[in-house]
Amino acid sequence: MTSLSPRSSARPDPGAIVPRSASLALWLWAVSSTEEAAAAARTVVDDDEPHQLAGDVPAGLDTPTVGSLFTAWAGRVRSVAAVFPGPGDAMGVPAPVSARAVDAEECVLVTVAADAAPAPLVPAGPDAPEVLEHWAFAPEVERFGSDLEPGHLVTWHGVRVDPWELRTVGAVGTLDDAQRQLRLGLREATEALMELDVSRWREDAAGIIASLREPVDLRSVLPRGVDARRAEVFQSAARLRAIVDLATMDDGGAVNLWQADQRSTALREVDRAARRAMSAATLHVPADD
């Protein structure tokens with residue numbers, strides 16, 4: 001099971017349960033001008049060290065950083081999604097980034113308008129199709145410092161990929177699907193925790209479970225332009241992933257292998273639904289608009 005972010009042990013605030021890929025995807029879509037780029041990059045980076053780019057780096061960047069990426073791609077993003085592959089569930093991640101994405105358990109898929117297309121032999125007319133580039137970025141996170149003063153070095157490994165939209169839409173599903181699955185998942189996950197007496201094996205669990213019964217307010221870390229429905233799905237998915245994270249941290253109060261397996265079985269599909277819902281909330285493709 002994915003840990004939502006290495007930040008969660010050090011920063012018990014709403015930003016701690018927003019995966020970096022989800023944040024990057026949402027803000028890449030939201031930034032329409034270079035004037036907005038710096039503020040968006042600061043939100044994505046949060047308390048990390050400045051995020052670096054490696055591998056295939058897009059052309060036109062002043063420096064290989066996420067900040068420069070926001071500036072170069074402002075207003076050029078045509079499709080975007082954060083994807084969260086899990087064990088045996090690749091969620092349609094393109095092959096060139098699959099290994100890194102599965103290792104990180106997250107990645108960002110982006111389609112942008114090319115900065116400068118090669119000059120055609122015959123000048124293009126007004127109805128000529130836009131030249132597009134398709135990219136994937138998977139984060140590599142290195143933790144440093146102490147438990148009291150932790151830090152994180154984040155490197156996004158980029159690679160050019162084939163068009164990804166159709167496969168990802170098929171793997172992730174719609175917001176309607178996400179909402180239905182989240183309602184079922186939240187009930188099942190909470191019941192699983194209570195039935196297995198998680199509070200007995202984690203002293204802090206009772207309070208955490210109680211807090212996770214209520215909606216998680218993540219508006220402070222989401223772009224203002226995110227519509228209410230996407231925000232609701234995203235926040236519910238984040239809450240569900242936090243519950244599943246807590247339940248799968250260790251075998252805890254499971255008195256035997258059967259009980260441990262029961263908890264794993266009960267929550268595996270719940271985790272799958274939460275990952276897909278979070279992806280659906282970040283997914284923007286032309287067919288949706």
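Position 1 is the first residue of the sequence, and the numbers go up from there.
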Quick one: closest heavy-atom pair of Ala274 and Leu182, and the distance? CA-CD2, 4.4 Å

Could you tell me which non-hydrogen atom of Pro94 sits nearest to which non-hydrogen atom of Val161, and how far apart they are? CB-CG1, 3.9 Å

Whether Trp73 and Phe137 hold their rings parallel, tilted or perpendicular, with breakpoints at 30° and 60°: perpendicular

Side-chain donor/acceptor of Glu106 to backbone N/O of Ser21, under 3.5 Å: yes

Supply the atom-to-atom distance Asp47 CG to His152 NE2, rounded to the nearest 0.5 angstrom. 9.5 Å

Val159 and Asp56 have their tightest heavy-atom pair at CA-OD2, 3.5 Å

Measuring from Phe70:CZ to Leu28:CG, what's the distance to the nearest 0.5 Å? 4.5 Å

Just by distance, do the side chain of Glu133 and the backbone of Val112 share a donor-acceptor pair under 3.5 Å? no

Tell me which donor-acceptor pairs under 3.5 Å the side chains of residues 83-92 have, and how far apart each pair is, sequence neighbours excluded?
unit_1: Asp89; atom_1: OD1; unit_2: Arg276; atom_2: NH1; d: 3.3
unit_1: Asp89; atom_1: OD1; unit_2: Arg276; atom_2: NH2; d: 3.1
unit_1: Asp89; atom_1: OD2; unit_2: Arg275; atom_2: NH1; d: 3.1
unit_1: Asp89; atom_1: OD2; unit_2: Arg275; atom_2: NH2; d: 3.1
unit_1: Asp89; atom_1: OD2; unit_2: Arg276; atom_2: NH1; d: 2.6

So do the side chains of Ser23 and Val221 get within less than 4.5 Å of each other, counting heavy atoms only? no

Just by distance, do the side chain of Glu149 and the backbone of Gly145 share a donor-acceptor pair under 3.5 Å? no

Spacing of Leu26 atom CG and Leu283 atom CG [to the nearest 0.5 Å]: 11.0 Å

Separation between CZ of Arg241 and OG of Ser236, rounded to the nearest 0.5 Å: 14.0 Å

Holding to side-chain contact (heavy atoms from CB on, under 4.5 Å), I want the full list of residues that pass it with Ala138, two or more places apart in sequence or in another chain. Val97, Arg100, Cys107

Quick one: closest heavy-atom pair of Glu232 and Gln179, and the distance? OE1-NE2, 4.1 Å

Got more than 12 heavy atoms from elsewhere within 6.0 Å of CZ, Arg160? yes

Distance check, rounded to the nearest 0.5 Å: Arg272 atom CZ versus Gln181 atom CD? 8.5 Å

How far apart are the C-alpha atoms of Val108 and Trp156, what are their side-chain angles, what is the distance that settles it, and do they pass the side-chain contact (heavy atoms from CB on, under 4.5 Å) test? CA-CA 9 Å; Val108 179; Trp156 293 91; 4.0 Å; yes

Rounded to the nearest 0.5 angstrom, the OG1-CD distance for Thr71 and Glu35 is 9.5 Å

Closest approach of Ser98 and Val93, non-hydrogen atoms and distance? CA-CG1, 3.8 Å

Linking I/L/V/M/F/W/Y whenever their side-chain heavy atoms sit closer than 4.5 Å, directly or via other members, would Val141 and Leu24 fall into one cluster? yes

Is there a path of hydrophobic side-chain contacts, each under 4.5 Å between heavy atoms of I, L, V, M, F, W or Y residues, that connects Val57 with Val80? yes

Is a side-chain N or O of Arg78 found less than 3.5 angstrom from the main chain of Ala113, in a donor-acceptor match? no

Could you pull out the closest heavy-atom pair between Val233 and Ala178, with the gap in Å? CG1-CB, 3.9 Å

Residue pair Trp164 / Ser79, side-chain heavy-atom distance below 4.5 Å: yes

Under the 3.5 angstrom rule, does the side chain of Ser68 hit a backbone N or O of Thr63 as a donor-acceptor pair? yes

Is the backbone N or O of Gln52 less than 3.5 Å from a side-chain atom of Thr65, with the two atoms forming a donor-acceptor pair by type? no

Inspect the surroundings of CG in Leu153 and state if more than 12 heavy atoms from other residues, nucleotides or ligands are less than 6.0 Å away. yes

Hey, is the main chain of Ala82 close enough, under 3.5 Å, to the side chain of Thr282 for a donor-acceptor pair? yes

